[in-house]
Number of protein chains: 2
Amino acid sequence: MKHVKEVANLTGISIRTLHYYDEIGLLSPATSKTGYRLYSNDDIEKLQQILFFKALDFPLKKIKNILEQPDFNQLEALHYQKERLVEKKERLETIIATIDQTIQNVKGERTMTDQEKFKGLDFSQNQYEQEARKKFGDEAINQSSQKLNRLNSVEKDVLEQSFHAIYQKLAKLRHGSPASEEAQNAIHEWYDFLNNNVGYHYTLEAFQGLGQMYIEDERFTKNIDRYGEGLALFMREAMAVYANQNK
Amino acid sequence: MKHVKEVANLTGISIRTLHYYDEIGLLSPATSKTGYRLYSNDDIEKLQQILFFKALDFPLKKIKNILEQPDFNQLEALHYQKERLVEKKERLETIIATIDQTIQNVKGERTMTDQEKFKGLDFSQNQYEQEARKKFGDEAINQSSQKLNRLNSVEKDVLEQSFHAIYQKLAKLRHGSPASEEAQNAIHEWYDFLNNNVGYHYTLEAFQGLGQMYIEDERFTKNIDRYGEGLALFMREAMAVYANQNK
DNA sequence: TTTAGAGGATTACGTAAGGTAAGAGTCAAC
DNA sequence: GTTGACTCTTACCTTACGTAATCCTCTAAA
């Protein structure tokens with residue numbers, strides 16, 4: 001059983017933070033008769049889990065919800081956290097590369113497009129939300145889809161229909177060129193649709209990355225190709241063209 | 001000249017954020033007659049600089065102060081930012097390694113000490129302050145040394161004296177064993193001194209890392225060895241022993 | 001020329017994750 | 001039995017925006 005100071009020393013987080021986690025019910029240790037907090041080994045391990053999620057910038061509320069899930073699986077969570085951290089590391093590498101380019105740019109050794117100047121600097125913290133929801137399948141993570149939740153059922157219908165409509169339109173065009181005007185118009189609709197309804201802003205770069213995912217992630221490919229074989233591939237091409245043309 | 005939306009799309013930050021940066025005077029673009037914000041190329045480049053610092057978790061106030069320095073050198077800043085980002089990346093790698101170990105631990109394939117469980121998870125955001133102050137040499141960054149500033153001159157004297165006292169004590173011991181009781185007591189004083197006066201909490205791990213820096217960073221080595229040749233090396237050893245013994 | 005719709009502005013209140021300070025109880029050691 | 005280190009609670013403060021409401025402006029189509 002450890003007192004607050006010992007835990008703080010061990011982990012590097014502040015005593016106030018431990019108080020706060022207790023206050024919000026995220027980590028509530030046992031207390032002595034005189035009211036001192038006493039952290040057990042289990043508490044320490046839970047704290048470790050909390051800090052892993054924090055390293056991924058998960059809000060404490062979500063962390064709490066995830067850890068409270070009756071079917072929470074620690075091993076699964078660890079693998080998930082590792083994957084996301086690797087991604088985060090890769091984003092840092094992108095930023096570092098951007099800095100390298102900027103250094104050359106400042107020296108006059110090369111030029112950069114405006115987009116290139118901001119590669120990797122997109123901090124939108126919603127990054128892991130969709131994925132996290134799948135993994136930990138809870139309703140608590142739904143904060144980002146408040147926008148969707150706030151819609152009434154009629155509006156949702158309309159939304160769903162335009163969703164299908166866009167996919168079907170694209171499916172019809174998929175044997176033509178992804179750069180054709182019609183295809184690009186449809187993709188533009190898709191881009192706008194996402195930005196207006198998903199509750200998350202896609203930069204052009206992110207949008208292009210999304211297209212890439214359509215063929216790299218089987219789940220996406222399958223779902224999309226239900227509208228027509230090869231649609232996922234077609235969309236990736238079209239989205240890439242769109243992103244490049246609108247730079 | 002770009003409007004807010006275009007800048008937001010380009011960078012992935014929100015319009016509200018642009019408004020806010022204008023409000024606090026961090027990035028104030030020109031305005032049209034009708035009050036629309038108009039971002040020039042220079043503004044865009046400044047924004048890029050801001051985002052680089054933000055990627056290092058610098059508070060906006062500090063960013064503002066740094067960019068306002070009349071002798072601000074962009075190239076120097078870029079090199080600095082790159083170094084820090086590499087460090088940040090390395091911390092992420094440490095966390096990833098910790099997760100790997102934890103996975104084995106959960107599976108029962110290995111055990112971990114409490115310290116090992118939290119390697120890399122120290123989020124203390126003061127990480128770059130001392131360095132940053134040297135680099136960008138301004139008074140504005142001094143928020144972390146409020147503690148020192150709040151002291152009156154008599155107290156500062158006392159502080160300085162105990163600082164020297166500890167170093168001198170260690171210098172005398174430096175020909176003996178770093179693990180000796182006296183040496184360890186002196187190091188313990190040093191650890192306490194740092195934690196009470198530097199305004200930054202050192203975990204044992206960080207403390208050990210500090211010792212490592214004493215010999216890896218020439219500036220430290222030089223300064224310390226003025227108290228006695230080989231003192232830096234001796235302190236590193238003693239600090240490592242101290243950290244390990246107190247786990 | 002009007003008018004719709006997209007985009008822009010300001011004002012103001014809300015939020016997350018703690019920091020910081022004040023006042024008071026507790027524990028170990030001398 | 002006092003001191004010094006540690007702990008507690010309460011309460012107000014802070015940063016960096018999000019969100020909402022209300023109003024203005026610009027462009028393109030009718």
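Bear in mind the structure is a predicted one, so any value in this text is a computation, not a measurement. Labels below follow one simple rule: chain letters A, B, ... track the order of the sequence lines, proteins then strands, and each chain is numbered from 1.
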Taking ring-ring contact (aromatic ring centres under 6.0 Å, His included) as the definition, give me every residue that meets it alongside [X], ordered by chain and number, with sequence neighbours left out.
X: Y21(A); answer: none
X: F118(B); answer: none
X: Y36(B); answer: H3(B)

Under 3.5 Å, which protein N or O atoms sit close to an N or O of nucleotides 28-30 of chain C? Give each pair with its distance.
none

In whole Å, I'd like the distance from the [atom1] atom of [X] to the [atom2] atom of [N].
X: I50(A); N: dA17(C); atom1: CD1; atom2: C1'; answer: 14 Å
X: M1(A); N: dC6(D); atom1: CE; atom2: C1'; answer: 19 Å
X: D57(A); N: dC17(D); atom1: CG; atom2: C1'; answer: 15 Å
X: K54(A); N: dA16(C); atom1: NZ; atom2: C1'; answer: 12 Å
X: L18(B); N: dA16(D); atom1: CG; atom2: C1'; answer: 13 Å
X: K61(B); N: dC17(D); atom1: NZ; atom2: P; answer: 14 Å
X: L27(A); N: dA17(C); atom1: CG; atom2: P; answer: 15 Å
X: Y20(A); N: dC13(D); atom1: OH; atom2: P; answer: 17 Å

Hey, is the main chain of L26(B) close enough, under 3.5 Å, to the side chain of K46(B) for a donor-acceptor pair?
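Confirmed, K46(B) side chain pairs with L26(B) backbone.
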Identify all pairs in which a protein N or O lies below 3.5 Å from an N or O of nucleotides 1-4 of chain D, and state each distance.
none

Contact letters for nucleotides 4-12 of chain C, in which S counts primed atoms plus P, OP1 and OP2 and B counts the base, heavy atoms under 4.0 Å:
---BSSB-B
Is the shortest side-chain N/O distance from [X] to OP1 or OP2 of [N] below 4.0 Å?
X: T17(B); N: dA16(D); answer: no
X: Y21(B); N: dA16(D); answer: no
X: K62(A); N: dA17(C); answer: no

List the residues meeting side-chain contact (heavy atoms from CB on, under 4.5 Å) with [X], not counting sequence neighbours, and say none if there are none.
X: S14(A); value: R16(A), T17(A)
X: A179(B); value: S177(B), V241(B)
X: S40(A); value: M1(A), D42(A), D43(A)

Can you list the residues that meet the side chain to side chain donor-acceptor pair (under 3.5 Å) rule with [X], with sequence neighbours excluded?
X: K89(B); result: none
X: S180(A); result: none
X: T102(A); result: Q48(B)

On the 0 to 90° scale, with breaks at 30° and 60°, tag the F53(B)-F58(B) ring pair as parallel, tilted or perpendicular.
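Plane angle between 30° and 60°, so tilted.
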